[in-house]
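Residue numbers begin at 1 in each chain, while the letters A, B, ... track the order of the sequences. Just so you know, these numbers use all the heavy atoms, side chains as well, and skip hydrogens, waters and symmetry mates.
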Protein chains: 2
Amino acid sequence: MLTPAESLDDAVRSLRVLILAGENYRQATAQMSGLGVTETQAVSYLSIYGERGQNDLGGDLGISSGASTALVDRLERQGVAQRYAHPHDRRRVIVRLTEKGHGLVARSHSWLAASFGSIPPEDLPTLSSRLRQIAQVLRTESERQVAADQE
Amino acid sequence: MLTPAESLDDAVRSLRVLILAGENYRQATAQMSGLGVTETQAVSYLSIYGERGQNDLGGDLGISSGASTALVDRLERQGVAQRYAHPHDRRRVIVRLTEKGHGLVARSHSWLAASFGSIPPEDLPTLSSRLRQIAQVLRTESERQVAADQE
DNA sequence: TATTGTTATACTCTATAACTATA
DNA sequence: TATAGTTATAGAGTATAACAATA
């Protein structure tokens, strides 16, 4: 039986292991699709959050605007995403997945689904919402820490 | 109310979001510590799985032996890990975290712990073990997919 | 003036392959 | 012969900064 503090330490270790496994997954999908890691991350962002401004996408990924231009160049060249004109603002560029891009995401679906194989089906909804809670705090906390570091 | 299939799809989406948040966290820790992403991943592996042979560590990270040499050079230069001689095999090099390396891991502990802030304490042990189950399948499945792809 | 994106340059990290030393 | 690691070279991806177009 663990004390509450020990339980939390163990949960942190588990989260570290899962983060590393996620990075493993990322490299594997990149290698299999012939894309780079950043390109594969971009496809995942576009799949989950929908179309984005080019620099917004770069912001998601933590890269500069110059790197964003080069990234979207590569995504277009490989046929997984495309640039579209913004309806009102002629400075802006909207980036959207192509069919091929959506297909790439679909291909990894069963692979990720297998990760839940040992979870009782009735527990899935709760687990799912907890994964999102963890993700949200992890993300906002990362932004907060970086902002505090830069001041 | 969701059907079982819908629940699984939702869980997969949640896992994608968590993987992206983990990559966010990785970039933030790298930036704050002044290390690169791969170096920070290496520190995390060494913290969780203990000392490793240099090429074993490179294997964890999915990089070549040449890149492993350069990586450990950087880790030593920055004082977060050190090379040691293997007791019996004079070809091998053991890589181990320094105090400074352990300190780096400790600094991100409270940050990760905050991610569990909204989870009822009594649910932590179950959640923790499920995170590990997901991580393990994700990792082995990634290796399997890459191996199948390379044949 | 501020914002969005592009271009040019230099730097970091990685893969590949040839090599050395040890098993 | 096979394995662990090193070195040299080339290529991919990124940051930085200067720039153009639009708001």
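- The distance from atom NE2 of H86(B) to atom C1' of dA21(C) is 16 Å, rounded to the nearest whole Å.
- Of the charged side-chain nitrogens involved, none lies within less than 4.0 Å of a carboxylate oxygen, so that R26(A) and E23(A) do not count as a salt-bridged pair.
- As a whole-Å value, the separation of Q78(A) CD from dA12(D) P is 11 Å.
- The side chain to side chain donor-acceptor pair (under 3.5 Å) with D89(B) is formed by just one residue from the set R91(B), H86(B), R92(B); it is R91(B).
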Under 4.0 Å protein heavy-atom contact, by nucleotide of nucleotides 5-15 of chain C - B base, S sugar-phosphate only: BBB-----SSB
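- Side-chain atoms of Y25(B) and S108(B) form a donor-acceptor pair, as typed in the model, at a separation below 3.5 Å.
- In this structure, Q31(B) places its CD atom 15 Å from P of dT14(D), rounding to the nearest Å.
- A donor-acceptor contact closer than 3.5 angstrom is absent between the side chains of N24(A) and S142(B).
- A salt bridge links D10(A) to R132(B): at least one charged side-chain nitrogen sits closer than 4.0 Å to a carboxylate oxygen.
- Nucleotides of DNA chain D nearest to R90(A) and V37(A) differ in position, and the one nearer the 5' end is that of V37(A).
- Residue Q136(A) places its CD atom among 12 or fewer non-hydrogen atoms of other residues, nucleotides or ligands, all under 6.0 Å distant.
- A straight line from OH of Y84(B) to P of dG5(D) spans 16 Å, rounded to a whole angstrom.
- In this entry the distance linking CG of L61(A) with P of dG13(D) reads 13 Å, nearest Å.
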